[in-house]
Visitor: 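Can you keep this structure in mind? I'll have questions shortly.
Counting starts at 1 for both ligands and their atoms, following the listed order.
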Amino acid sequence: MNIFGLIDIPIWLLLLISIIVLIYLYLTWNLDIYKDTGIPGPPPSTLYLLKKMLKDGLVDTHTELIQTYGPVVGLFMGRIPTCIVGDPDLIKEICVKQATSKFPDRLVNSSVPKQLENSMQFLEGEHWKFVRGHISPTFSTGKLKETVPLIHKCCDTLMMAIERLSKTDENIDTKKLFACFSMDIIASISFGMEIDSQDDPNNKFVKHANSLMVNKKAVFIAMVCLIFPFMKKVFAYFNIWGGGNEALDFFERATAAAIEERIKGKQDRKDFLQLMINARKEGVIDPDFKPANPEEWKNRGLTNGEIYANSMLFFVAAYETVSLNLTFLAYSLAINPEIQDELIGEIDGELRGEKPTYDHVFNKMPYLDKVMCESLRLFPPAQLSTRLTREDVTIGGYKFKKGMDIHIPICHLQKNPDFFPEPEVFNPERFTEEEKSKRNPYTYIPFGIGPRSCVGMRLAMLEARVAIVCLLQKYRIGTTEKTTIPVEIEQIGFTRPKGILHLKFEKRSD
Ligand code: HEM
């Protein structure tokens, strides 16, 4: 192409230059969003935070930024304006006081497969409220008590696995051990399937489930979507997302078949699938039903699609979190034998060999409660929680603009020496009533906080408590020459041990 008769530029070059200019404009046009907001931060850049988090890890990045700029820091995750908020009083405002009006949802920043769109994690507004309202009662104390026999069954499988593994090698891959336990529980209480993933790793459920876990493909897709948010729709259109579609089909078919069996009354189990089926009323079962008037939401029950999506979500939300909680708890007890002895003393004194019940683990073992709280403080499985700003709002002198993503740095808060002196020390005595009353409660939020906090919190605590009590009734946990002390943690994603965490489980003779 000839421009003003001066230079001759080939069309392809002109197109290339135009594309580069357009991408540059797309990536930079909102970089001045923090102007006049009172929110400090490093010079605005699309890639700064992503690069820093990949290099230094999430928690160190949060800590460094908060130390440098103060409790509220404004940056960009790709093209998304992202504020890190590390002040407990502001967290209370965002997640609790102004949650419903200004920060009701999370930003979905990656492609979501169609089958999971109806899960609580991704739903927004009235639809989220409706689904959460139907599902929350399935986690009531009464309903949870009914799941205890199912948890005990999985604990029996866990004990058999420990017995078998300890015979050949004292070094047990603790993360794998508890991952299998967690998988068995979810299969049982969420999908109504009894499996033994310790002994049968080729089981279809186990194989498909593993292909859904966060992997490099998921991280890559999330990065692309953060830098080019419109790609979310492109990926969704072509059904490209972080996990395997074959696995989704498998779980969809399995849940649909189980629902049909239950409705025909062929099976009656005290599991979450049954509770969700029971929680739906007769009436409209149209998967696309989205009335304009919120009142109309009340006139229907959960659809099969909603039950399916949330069973899957329970799986994704519960599998790794619970297994990591147990892994780090076992590690903490192994390197603190005097704490383990005190816990064993409480367990033996209270249970005298009986199986633990819901009441035992929540109401009758104060030391167990303190140990569990401390393990979730030092090793919170989720390092971060997020909220999307729905409308402009000024809080504590900071102006949060519509569309800003708020990052609540759970791990940074719980390891902040201002709130928890000597944060790296495992000390259950931080959770006496007296110590708790001295602290701002918004400094300890392993399950998030407010209306969008973890719906499965009580179930997670029940599973982990029953499992550790059953385990310590039979075994003492110890370190071996292969145990890395202190444990190394992976930098990004969940709080996971780097590599294999070896521990030994010795049969108690006392
Ligand atoms: C130790 C185990 C667990 C930990 C540490 C954990 C932590 C969390 C955190 C930090 C959030 C975000 C909360 C927020 O944004 O304020 C969350 C959300 C959620 N969790 Fe958990 N979780 C655990 C186990 C479970 C289990 C067992 C289930 C269900 C079976 C579950 C289901 C969910 C769901 C559905 C959400 C989304 C809630 C919503 O958006 O309404 N979690 N969890």
Visitor: Between L462 and Y358, which heavy-atom pair has the shortest distance, and what is it?
Guide: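 Smallest heavy-atom distance, with atoms named: CD1-CD1, 3.7 Å.
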
Visitor: Looking at atom 13 (C) of ligand 1, what's its closest protein heavy atom, distance included?
Guide: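 Checking every protein heavy atom, the shortest distance to atom 13 (C) of ligand 1 gives R452 O, 3.5 Å.
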
Visitor: Looking only at N/O atoms, are R106 and ligand 1 under 3.5 Å apart anywhere?
Guide: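 Yes; at least one N/O pair falls below 3.5 Å.
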
Visitor: Are any of the side-chain heavy atoms of I395 and F400 separated by less than 4.5 Å?
Guide: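 In short, these two side chains touch, coming nearer than 4.5 Å.
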
Visitor: Just jot down the ligand 1 atoms closer than 4.0 angstrom to any heavy atom of P381, in number order.
Guide: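 Near P381, the atoms of ligand 1 are 5 (C).
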
Visitor: Could you list which atoms of ligand 1 come closer than 4.0 Å to a heavy atom of L313?
Guide: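 Those atoms are 35 (C).
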
Visitor: N/O of W128 under 3.5 Å from N/O of ligand 1, yes or no?
Guide: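 Yes; the residue has a nitrogen or oxygen that sits under 3.5 Å from a nitrogen or oxygen of the ligand.
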
Visitor: Report the distance from atom CZ of F494 to atom CG of L58, rounding to the nearest 0.5 Å.
Guide: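 The CG atom of L58 is 12.0 Å from CZ of F494, to the nearest 0.5 Å.
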
Visitor: So if I count the atoms of ligand 1 from 1 in the order they appear, which ones are less than 4.0 Å from some heavy atom of I449?
Guide: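 Ligand 1 atoms under the 4.0 Å threshold to I449: 16 (O).
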
Visitor: How does A382 reach ligand 1, if at all, at less than 4.0 Å between non-hydrogen atoms: by side chain, backbone, both, or neither?
Guide: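 Near ligand 1, A382 shows its side chain, while the N, CA, C and O stay back.
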
Visitor: Is the closest basic N to carboxylate O distance between D105 and R387 below 4.0 Å?
Guide: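 Looking at R387 together with D105, the answer is no, because their closest N to O distance does not fall below 4.0 Å.
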
Visitor: Heavy-atom contacts with P446 under 4.0 Å: which atoms of ligand 1 show up? List them by number with element.
Guide: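 Those atoms are 5 (C), 7 (C), 10 (C).
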
Visitor: Any idea which atoms of ligand 1 are less than 4.0 Å away from a heavy-atom of A317?
Guide: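 Answer for ligand 1: 24 (C), 25 (C), 31 (C), 32 (C), 33 (C), 42 (N).
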
Visitor: Which heavy atom of the protein is the closest neighbour of atom 26 (C) of ligand 1, given with residue, atom name and distance?
Guide: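 I find the closest protein heavy atom is A318 CB, 3.6 Å.
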
Visitor: How close does the nearest protein non-hydrogen atom get to atom 15 (O) of ligand 1, and which residue and atom is it?
Guide: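 Result: R387 NH1, 2.7 Å.
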
Visitor: Heavy-atom distance under 4.5 Å between the side chains of N416 and P423, does that happen here?
Guide: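 They are not in side-chain contact.
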
Visitor: Step through the shown structure and confirm whether more than 12 heavy atoms of other residues, nucleotides or ligands are within 6.0 Å of NZ on K143.
Guide: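 No.
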
Visitor: Just going by heavy-atom distances, which of F272, F314, F447, F139 is nearest to atom 1 (C) of ligand 1?
Guide: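 Checking each option, the heavy atom nearest atom 1 (C) of ligand 1 is found in F447.
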
Visitor: Would the number of heavy atoms belonging to other residues, nucleotides or ligands and lying under 6.0 Å from NZ of K52 be above 12?
Guide: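 Correct, the count exceeds 12.
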
Visitor: Is there a side-chain contact between F181 and C155 in this structure, where contact means two heavy atoms from C-beta onward sitting under 4.5 Å apart?
Guide: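 Side-chain contact under 4.5 Å: yes.
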
Visitor: Among T321, N325, L326, which one has a heavy atom closest to atom 24 (C) of ligand 1?
Guide: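 Of the listed residues, T321 has the closest heavy atom.
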
Visitor: For F362, is the NZ or CZ atom of R458 found under 6.0 angstrom from the centre of its six-membered ring and inside 45 degrees of the ring axis?
Guide: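 Yes; both conditions hold, so R458 lies above the ring face of F362.
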
Visitor: Distance to the ring centre below 6.0 angstrom and angle to the axis at most 45 degrees; does that hold for R430 and Y444?
Guide: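 R430 over Y444 ring: no.
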
Visitor: Looking at atom 28 (C) of ligand 1, what's its closest protein heavy atom, distance included?
Guide: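 Going atom by atom, the protein heavy atom closest to atom 28 (C) of ligand 1 ends up being G456 CA, 3.6 Å.
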
Visitor: Using 4.0 Å as the upper bound for N to carboxylate O, is an ion pair formed by K402 and E391?
Guide: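 No, no charged N to carboxylate O under 4.0 Å.
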
Visitor: Hey, is ligand 1 close enough to R132 that some N/O pair sits below 3.5 Å?
Guide: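 In this structure, R132 places an N or O atom under 3.5 Å from an N or O of ligand 1.
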
Visitor: Could you report the tightest heavy-atom contact between P356 and V148, atom names first, then the distance?
Guide: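 Where P356 meets V148 most closely, the heavy atoms are O-CG1, 4.2 Å.
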
Visitor: For atom 34 (C) of ligand 1, which protein heavy atom lies nearest, and how many Å away is it?
Guide: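 The closest one turns out to be V455 CG1, 3.8 Å.
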
Visitor: For R106, is there an ion pair with E124 - N to carboxylate O distance below 4.0 angstrom?
Guide: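 So E124 does not pair with R106 through a salt bridge.
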
Visitor: I'd like to check which ligand 1 atoms, numbered from 1 as shown, lie under 4.0 Å from a non-hydrogen atom of S385.
Guide: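 It comes down to these atoms of ligand 1: 14 (C), 15 (O), 16 (O).
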
Visitor: Which atoms from ligand 1 have a heavy atom of Q121 less than 4.0 Å away?
Guide: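 Counting from 1, the qualifying ligand atoms are 37 (C).
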
Visitor: For G448, counting its heavy atoms only, list the atoms of ligand 1 lying under 4.0 Å from any of them.
Guide: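 It comes down to these atoms of ligand 1: 10 (C), 13 (C), 14 (C), 16 (O).
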
Visitor: Side chain or backbone of M457 under 4.0 Å from ligand 1, or both, or neither, by non-hydrogen atoms?
Guide: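 None of M457 does.
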
Visitor: What is the closest protein heavy atom to atom 19 (C) of ligand 1, and at what distance does it sit?
Guide: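 Nearest neighbour among protein heavy atoms for atom 19 (C) of ligand 1, to 0.1 Å: C454 CA, 3.7 Å.
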
